[in-house]
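Okay, structure first, notes after.
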Amino acid sequence: MRTHLCGELRSEHIGQTVSVCGWVGRRREHGEHLAFVDLRDHSGIIQCVVDNDVDVRSEYVLRVTGVVRQRPEGTINDGLPTGQVEIGDCAVEILRQATPPPFPIDARADDVDENVRLQHRYLDLRRERMQRNLRIRSKINAAVRDSMHAQGFVEVETPMLVPSTPEGAREFLVPSRKEPGSFYALPQSPQLFKQLLMVAGVDRYYQMARCLRDEDLRADRQYEFMQLDMEMSFVTQDDVLDAVSEAVLAAAEAATGERPAPIERMSWHDAMNRFGVDKPDLRFGMELVELTDVFASTEFKAFASARTIKGIRVDGGADEFGRNQLDKLTDRAKSLGAKGLVWLKCTDDGFDSPVAKFLSDDEVAAVKAEMGAETGDLVLVVADEWETTCEVLGVLRNDIGRPPVHEGPYRYVWIVEFPLFVGHDKETGAPKSGHHPFTMPHPDDVDKFETDPMAVRSIAYDLVLNGWELGSGSIRIHEPALQRKVFRALGITEEAAERKFGFFLNPFEYGAPPHGGFAFGLDRLVAVLAGEENIREVIAFPKTQSGADPMTNSPIAGDPAAMAELGLKILPPST
RNA sequence: GGUCCCGUGGUGAAGUCAGGAGUUCACGCCGGCCUGUCAAGCCGGAGGUCGCGGGUUCAAAUCCCGUCGGGACCGCCA
C-alpha cells in the first residue's frame, strides 16, 4: 500500500515515485489549484503539494502517490526533518473521511483537559509525544527481555486468578461462578509463585508481570502496572543487584542511547540522615545538616526537648520566600507530623526570624557555620524525633529543590540495609515488617532480635532513580528456624503462621534453595526515561485518579443476570 | 477517610476576589477569495443550560451550601 513512511523522506529520495499513507495534519490552501497538505504517520510529517481540487479535511486518512522533489529555493522548512523535500504531482486517494477531532493532534493538546484526552485516547495517542512514549516503552521492554535471557533467566507466566492473601495491599476480588461466595484475587505481585519456582528448581525466573492493587491512585500509581519480576537461587545480595543493574542499564541505554555509569549504593540510614527519604533524588544537593549538638544547652524550648535537630539551606531563599510561602511550608511540615517549622533568614548580623530572640550569639554563629549559610540564604530547621525530623525536611527538600523530571542527569542508586522492622502494629504493639515477613535479617544483627529489634537490618534493597522508587527486593529466609524467629518478633504465633502462610511455607520443607529476588516498576522507569512526570503518559490506556476510564466508561453497573449467576447482590449504600 | 487547586461555545484562556444583558481573545469548524505555504493570509458566519442542584438577591458565571467530574498531596500502597 505504501513504499515509504512519511517521516523518512529525504533529499536522497528526490526523483523517486513514492506512496505514503497517513492522516491529514495541517493544510494550507491557495485556491483550487494549489494546496499544501501535511501528511502524518507515526514516523513524522511530509508536505504534499496537491494541485488538483481535492476536498481533504483534518484527520482524513489518505494514500498519496507522487514524486519526491527538492523544495524550491526559499521554501525549505528547517523545522521539519523532511523539510528539504516535498511530494509533488500528488494523486490523492481518500481512504477514510473523518470528523474534525475534539482537540488538535499536536503539542497543543498537552494543555487539553486530561479527561478529554482520555475520552479520545486513540486520538491523543496519535500525537508525536505519545507515539514516542509508546515506542520508548516498547524498546525498554525488549531490552529488559533480551538482558534477562542473556543472563540465563527463564520467563515463566504465573496465574492472574490467585488466592487472596492476608497481608499487603487491598486486592481486586473476582467472584467464582462454580462456587458462589468464593473469590479469587487478582495478584498484587507474583510473590508466592516466584519463590515456589525456586523450590521447583527453575534457578532463575523472570516475568513481565501485570500487578493489581486496589489502592488510591497517584501520579506514580495505577491500579494495574507492570513489573519486571525476577527471582534467583543460590545467590547473595550482590548477585541480585548485579543482575537487576544489568537489565536496568540495558533498558536505559535502549531508551536514551547512553549507558549509565555503574549504580552506586547507599545505606538506608545514610539516605534518611542525608536526604530524609529512602528514595533520594541525587540530582541536587540541599542535604540535611545535623544541628542537634549546636542546641545541646539551648534556652529555646522547642529545641531543648527535641531528640534530633536538623536543617536545610535554601541558597538565596531569603528574598524568594515571603511570609505567605513560609506559612505554607510550615503548614506542610505540620501536615507531615512535625510540631512546627523554624525558618531563619540569614542577614549580615544574625538571623531574621520569629525565633531569633531565643537564640544565643553562639548558637547563631554555630548554625551559620554548620549550615554554610551566607547572607540572603534561608535555613529551615525541624526539631523532633530522628525519623520525623529527617522525613519532614526530606519532603521540604524535594518540594523546594527538586528539578523537573526531564532535567539533569540520571542518578541511579541502590538503597541497601533497610530495617527489618518498621513501626508497630496499632493493635498488638508488635513490630511490623519493613519489606515482608520472609525477608532475610542481616547476619550481623541476628543477636539484636531480643535486645533491640528495631535496629535489626535486613538484606532488602530498593532501586531508586532521580527520586523515584523503581522497585525493591530482598534475600528470602529459606530456613525454618530463622523464619520462626522472625514470626515470633512480629507477634505471629505458630498457629497463625501455619494458617496465614502455610500454603506458602510448607513447600519449603521439600527443599527450598537459598534465594532472593527483585521487582521493579516498568511504568516508572519508562516515565523517567521519557521525561514524563506522570506514568499515565506512558500507559496506553490508563485510569483516572478515581479509577475510571472515560473512554470505555468503566467501571459499569453489574448486569443483574450475571450477578445472580455469581450469587452476588448489591447492598444499599450505608449511612 | 482528609487537605488543596480546577470546571466558561469543539479546544485553550480572560471575566469570579469587588454581583448588573452570555461579554472578550486565540485556535478549531462552516462558507467565500486566493498558485509557494508551513500556526499560510484576507472577508464573512455558525456555535455556550458559565459541570449539576439548591439558597441569598430586584439581579448570580461571579456570593453561600450541597453534589458530580478532573488533578496534586496526606492517609493507604507488607
Side-chain angles (χ1 to χ4, degrees), chain A residues 25-39 45-53 55 57-59 69 71-80 82-83 86 88 99-120 123 165-171 188-189 191 211-223 225 328 331-337 391-392 395 398-399 418 420-423 425 431-439 458 460 469 472 474 490 492 500-501 521 533-534 536 543-548 550 553 575:
Chain A
R26 306 198 71 83
R27 60 198 193 288
R28 297 167 291 280
E29 291 176 359
H30 294 252
E32 289 180 5
H33 303 293
L34 180 67
F36 301 94
V37 175
D38 289 340
L39 198 67
I45 286 172
I46 182 70
Q47 173 167 283
C48 303
V49 184
V50 180
D51 45 19
N52 44 6
D53 187 19
D55 187 29
R57 307 283 171 123
S58 278
E59 300 306 315
R69 66 190 189 200
R71 289 199 186 191
E73 183 124 14
T75 67
I76 286 166
N77 184 348
D78 291 324
L80 221 53
T82 61
E86 63 190 13
T99 304
F103 52 82
I105 311 299
D106 57 35
R108 285 172 295 179
D110 291 347
D111 298 324
V112 170
D113 187 305
E114 198 175 341
N115 211 26
V116 176
R117 289 176 57 204
L118 290 178
Q119 241 168 46
H120 305 274
L123 295 178
T165 50
E167 298 198 350
R170 187 184 298 114
E171 295 166 321
Q188 33 176 308
S189 84
Q191 189 66 34
C211 304
L212 298 107
R213 296 178 188 174
D214 189 3
E215 298 290 352
D216 287 355
L217 284 61
R218 293 284 164 78
D220 61 351
R221 277 161 34 187
Q222 282 274 302
Y223 280 156
F225 57 99
K328 275 186 184 159
D331 288 346
R332 175 84 161 151
K334 284 180 180 168
S335 80
L336 294 162
E391 282 173 3
V392 170
V395 170
N398 274 340
D399 284 355
F418 272 76
L420 189 63
F421 304 114
V422 174
D425 191 282
K432 294 190 294 183
S433 281
H435 187 55
H436 59 54
F438 320 111
T439 304
S458 63
E469 181 195 321
S472 58
S474 64
L490 290 167
I492 300 173
K500 282 179 156 179
F501 307 116
E533 302 274 0
N534 194 306
R536 291 190 297 273
K543 305 254 188 306
T544 64
Q545 200 166 71
S546 63
N553 280 323
T575 71

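To find a chain, count down the sequence lines: A is the first, B the second, and so on, and within it residues start at 1.
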For atom P, what is the distance between B:rU23 and B:rU49, given to the nearest Å?
14 Å

Under 3.5 Å, side chain of A:Arg71 to main-chain N/O of A:Gly83, donor-acceptor pair present?
yes

Is a donor on one side and an acceptor on the other found under 3.5 Å between the side chain of A:Gln188 and the backbone of A:Arg170?
no

Quick one: label A:Gly79 by what it contacts on the DNA or RNA (base, sugar-phosphate, nothing), any heavy atom closer than 4.0 Å.
nothing

For B:rA21 and B:rC68, measure between their P atoms and round to the nearest Å.
32 Å

I'd like a table of atom pairs between the protein and nucleotides 67-70 of chain B - only N or O on both sides, under 3.5 Å - with the distance next to each one.
unit_1: B:rG69; atom_1: O2'; unit_2: A:Asn115; atom_2: ND2; d: 3.4
unit_1: B:rG70; atom_1: OP1; unit_2: A:Thr544; atom_2: OG1; d: 2.9
unit_1: B:rG70; atom_1: OP1; unit_2: A:Ser546; atom_2: OG; d: 3.0
unit_1: B:rG70; atom_1: OP2; unit_2: A:Ser546; atom_2: OG; d: 2.9

Return yes if the base of B:rC77 and the side-chain atoms of A:Arg213 contain a donor-acceptor N/O pair under 3.5 Å, otherwise no.
no

Classify A:Glu469 by what it touches in the nucleic acid, base, sugar-phosphate, or nothing, heavy-atom distance under 4.0 Å.
nothing

Would you indicate what A:Asp399 reaches in the nucleic acid, counting non-hydrogen atoms under 4.0 angstrom: base, sugar-phosphate, or nothing?
nothing

Any base atoms under 4.0 Å from A:Asn77, or only sugar-phosphate, or nothing? Heavy atoms, all strands.
base

By the 4.0 Å heavy-atom rule, please label A:Ala219 as base, sugar-phosphate, or nothing.
sugar-phosphate

Tell me whether the OP1 or OP2 atom of B:rC74 has a side-chain N or O from A:Arg218 closer than 4.0 Å.
yes

Check whether the side chain of A:Arg26 and the base of B:rG41 form a donor-acceptor pair under 3.5 Å.
no

Is B:rG20 paired to anything, Watson-Crick or G-U wobble with both distances less than 3.5 Å, and if yes, which nucleotide?
B:rC58

Classify A:Glu86 by what it touches in the nucleic acid, base, sugar-phosphate, or nothing, heavy-atom distance under 4.0 Å.
base

For B:rA26, the Watson-Crick or wobble partner whose two distances fall under 3.5 Å:
B:rU11

If only side-chain N and O atoms of A:Arg108 are considered, is one of them under 4.0 Å from the OP1 or OP2 phosphate oxygen of B:rU11?
no

For A:Pro102, which contact category applies under a 4.0 Å heavy-atom criterion: base, sugar-phosphate, or nothing?
sugar-phosphate

Side-chain-base donor-acceptor pair under 3.5 Å for A:Arg71 and B:rC38
yes

How would you label the contact of A:Thr439 with the nucleic acid (heavy atoms, under 4.0 Å): base, sugar-phosphate, or nothing?
nothing

B:rG31 OP1/OP2 closer than 4.0 Å to side-chain N/O of A:Arg57
yes

Interatomic distance at P, B:rC27 relative to B:rC73, whole Å:
35 Å

Who pairs with B:rU3 - Watson-Crick or G-U, where each distance is under 3.5 Å:
B:rA72

Is there a side-chain polar atom (N or O) of A:Arg117 under 4.0 Å from OP1 or OP2 of B:rG12?
no

Using whole Å, what does the distance between atom C1' of nucleotide B:rC73 and atom CG of A:Asp331 come to?
14 Å

Decide, applying a 5.5 Å centre-distance limit and a 30° plane-angle limit (both strict), whether A:Phe36 stacks on B:rU37.
yes

Aromatic-base stack, A:His435 on B:rA78, cutoff 5.5 Å, angle under 30:
no

RNA chain B: A:Ser335 or A:Gly74, which has the more 5' nearest nucleotide?
A:Gly74

Check whether the side chain of A:Arg221 and the base of B:rC76 form a donor-acceptor pair under 3.5 Å.
yes

Base, sugar-phosphate alone, or nothing: which one does A:Glu29 contact when heavy atoms must sit under 4.0 Å apart?
base

Cationic N near anionic O, under 4.0 Å, A:Asp216 to A:Arg218:
no

With a 4.0 Å cutoff (strictly under), does any side-chain N or O of A:Arg28 reach OP1 or OP2 of B:rU37?
no

Going by purine N1 to pyrimidine N3 plus the second Watson-Crick contact, or the G-U wobble pair, all under 3.5 Å, which nucleotide sits opposite B:rA46?
none

